[in-house]
There are 2 protein chains.
Amino acid sequence: MSNPLPLLTTPPTERRDAARNREALLSAASELIRGCSVEGVTMEAVAAKAGVGKGTVFRRFGSREGLMASLLDHAESEWQAAVIGGPPPLGPGGPPMERLLAFGESRMHLHLQQGALIDAAGRTWGENYAVIGFATMHVRILLAELGVQGNLPYLATALVAPLSLPVLRQQFGPAGMTEEQVLAGWGELVRRVVG
Amino acid sequence: MSNPLPLLTTPPTERRDAARNREALLSAASELIRGCSVEGVTMEAVAAKAGVGKGTVFRRFGSREGLMASLLDHAESEWQAAVIGGPPPLGPGGPPMERLLAFGESRMHLHLQQGALIDAAGRTWGENYAVIGFATMHVRILLAELGVQGNLPYLATALVAPLSLPVLRQQFGPAGMTEEQVLAGWGELVRRVVG
DNA sequence: AATAGAAACGGACCGTGGTCCGTTTCGACT
DNA sequence: AGTCGAAACGGACCACGGTCCGTTTCTATT
């Protein structure tokens, strides 16, 4: 008997072979990264290592950038989980200002750690609403908890922006700042915005 | 007689044919953009239109991204000139706060206008110190004129960051802000930072 | 004007991302 | 089990960015 109301119960299901292949391809890509570097992650190499055809890789991930974004998703999901349900100061429970500062620090570290992958993912990642949207919304909520009045949506994006990889690179590179200076700077920015 | 001190007088001079070709290639690329779009600017097409070999394009600009960055340089130079020596409120002469707000608005418009080109130039442009460095330094100077105390280098980068193309795209797209809202938001950010 | 050496040129060549379409596999329903 | 339509697969194929190296062109010097 077919479900007469395939609403929320059936998130357009994925065929078994498709799921297997997606898994195999992600593992293959991870292993290739471990073996060499992100440069070595060629679509053909990934396909070969996973034992599937090249077309399958593109069918699953759309593009090389899409594949990279999928790899990033793992780290991002873990990070989001830590924000939502992990221990303080990043997770819930502590004072909002401490949470906010912990947010900045951990987000910065996440971006620096995943730098090569973020580059390889290009706009697929950087303009992904689910990613930027989560971080921005989180900051917005914390600002509200801190009693900040004003254009919270904008202020949230403005606080998240300087944590992006290109900005961090510019600060650590040409501007010659240290990690401590950048973190202190972001903290100062937050304090001024919160008022 | 050769110059015994070829220090500042000889910025490693460029051969005539090389200069001609650089010029021809830039025109060809501009025309191709006008004709179709940035996608149509193929290295081979540019070379053919300029009547040179493909290798020459790479010799001059290093890569496709480098070529795009060179195209951007024209607009950027004009903008920098307007900041340094143009009429107020963007140029010198007006009150610092008005200059700062004019800076934000014109920078935003520049990024939006050149969006396709900025994308095509990739990191070659976005992480170019001469570009980000100028904008950041300008903001830093204005903050100093406004009597702001604290970590000016960082605060300057933090004010420039939300004017970057990816952030603007996110604001205009998923976040659904209007141009007025974004400008007002940036102004509010500036006021809070200045204190 | 002749020369020599450095710099620029050109286009064949290669690797990789991305597409296309005929073939195979899955799984829902009988 | 058998059938059938939809979904996934595979790998030949294409286009474009980037490299390489033998050839040509410039310019400084005599």
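All figures in this text were calculated on a predicted structure; none of them were measured in a lab.
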Spacing between [X] atom [atom1] and [N] atom [atom2], to the nearest angstrom:
X	N	atom1	atom2	result
A:Glu44	D:dG11	CD	C1'	9 Å
B:Arg16	C:dC9	CZ	P	14 Å
A:Glu14	D:dA7	CD	P	13 Å
B:Met68	D:dC16	CE	C1'	12 Å

For the pair A:Arg99 and A:Glu145, find out whether any cationic side-chain nitrogen is under 4.0 Å from an anionic carboxylate oxygen.
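A:Glu145 and A:Arg99: not salt-bridged.
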With rounding to the nearest 0.5 angstrom, report the [atom1] to [atom2] distance, [X] to [Y].
X	Y	atom1	atom2	answer
A:Arg15	A:Asn21	CZ	CG	10.0 Å
A:Ile118	A:Trp125	CD1	CH2	6.5 Å
B:Leu143	B:Met97	CG	CE	8.5 Å

Not counting sequence neighbours, which residues clear side-chain contact (heavy atoms from CB on, under 4.5 Å) with B:Ala75? List them please.
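side-chain contact (heavy atoms from CB on, under 4.5 Å) check on B:Ala75 returns B:Leu110, B:Gln114.
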By side-chain contact (heavy atoms from CB on, under 4.5 Å), which residues pair with B:Ala28, not counting sequence neighbours?
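For B:Ala28, the residues satisfying side-chain contact (heavy atoms from CB on, under 4.5 Å) (neighbours in sequence not counted) are B:Val46, B:Lys49, B:Ala50.
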Summary of salt bridge (Lys or Arg N to Asp or Glu O under 4.0 Å) pairs that have at least one residue in [range], sequence neighbours excluded:
range	value
residues 156-169 of chain B	A:Glu127-B:Arg169, B:Asp119-B:Arg169
residues 182-195 of chain B	B:Glu188-B:Arg192
residues 75-96 of chain B	B:Glu76-B:Arg107

What parts of [range] reach DNA chain C, counting only heavy atoms under 4.0 Å away?
range	value
residues 50-65 of chain A	A:Lys54, A:Phe58, A:Ser63, A:Arg64
residues 115-128 of chain A	none
residues 32-39 of chain A	none

With 3.5 Å as the limit, what N/O pairs link the protein to nucleotides 22-25 of chain C?
{"unit_1": "C:dT25", "atom_1": "O2", "unit_2": "A:Arg15", "atom_2": "NH1", "d": "3.4"}
{"unit_1": "C:dT25", "atom_1": "O2", "unit_2": "A:Arg15", "atom_2": "NH2", "d": "3.1"}

Through direct or indirect side-chain contacts below 4.5 angstrom among Ile, Leu, Val, Met, Phe, Trp and Tyr, which residues connect to A:Ile141?
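Under the 4.5 Å side-chain rule, A:Ile141 groups with A:Met137.
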Name all pairs fulfilling the ring-ring contact (aromatic ring centres under 6.0 Å, His included) condition that reach into residues 85-106 of chain B, sequence neighbours left out, sorted by first residue then second.
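Only B:Trp79-B:Phe103, B:Phe103-B:His138 qualify under ring-ring contact (aromatic ring centres under 6.0 Å, His included).
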Can you give each donor-acceptor pair under 3.5 Å made by side-chain atoms of residues 52-64 of chain A, sequence neighbours left out, with the distance rounded to 0.1 Å?
{"unit_1": "A:Ser63", "atom_1": "OG", "unit_2": "A:Glu65", "atom_2": "N", "d": "3.4"}
{"unit_1": "A:Ser63", "atom_1": "OG", "unit_2": "A:Gly66", "atom_2": "N", "d": "3.0"}
{"unit_1": "A:Arg64", "atom_1": "NH1", "unit_2": "A:Val41", "atom_2": "O", "d": "2.5"}

What I want to check is whether the side chains of B:Gln170 and A:Thr157 have a donor and an acceptor closer together than 3.5 Å.
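No pair is found: no donor N or O on one side chain lies under 3.5 Å from an acceptor on the other.
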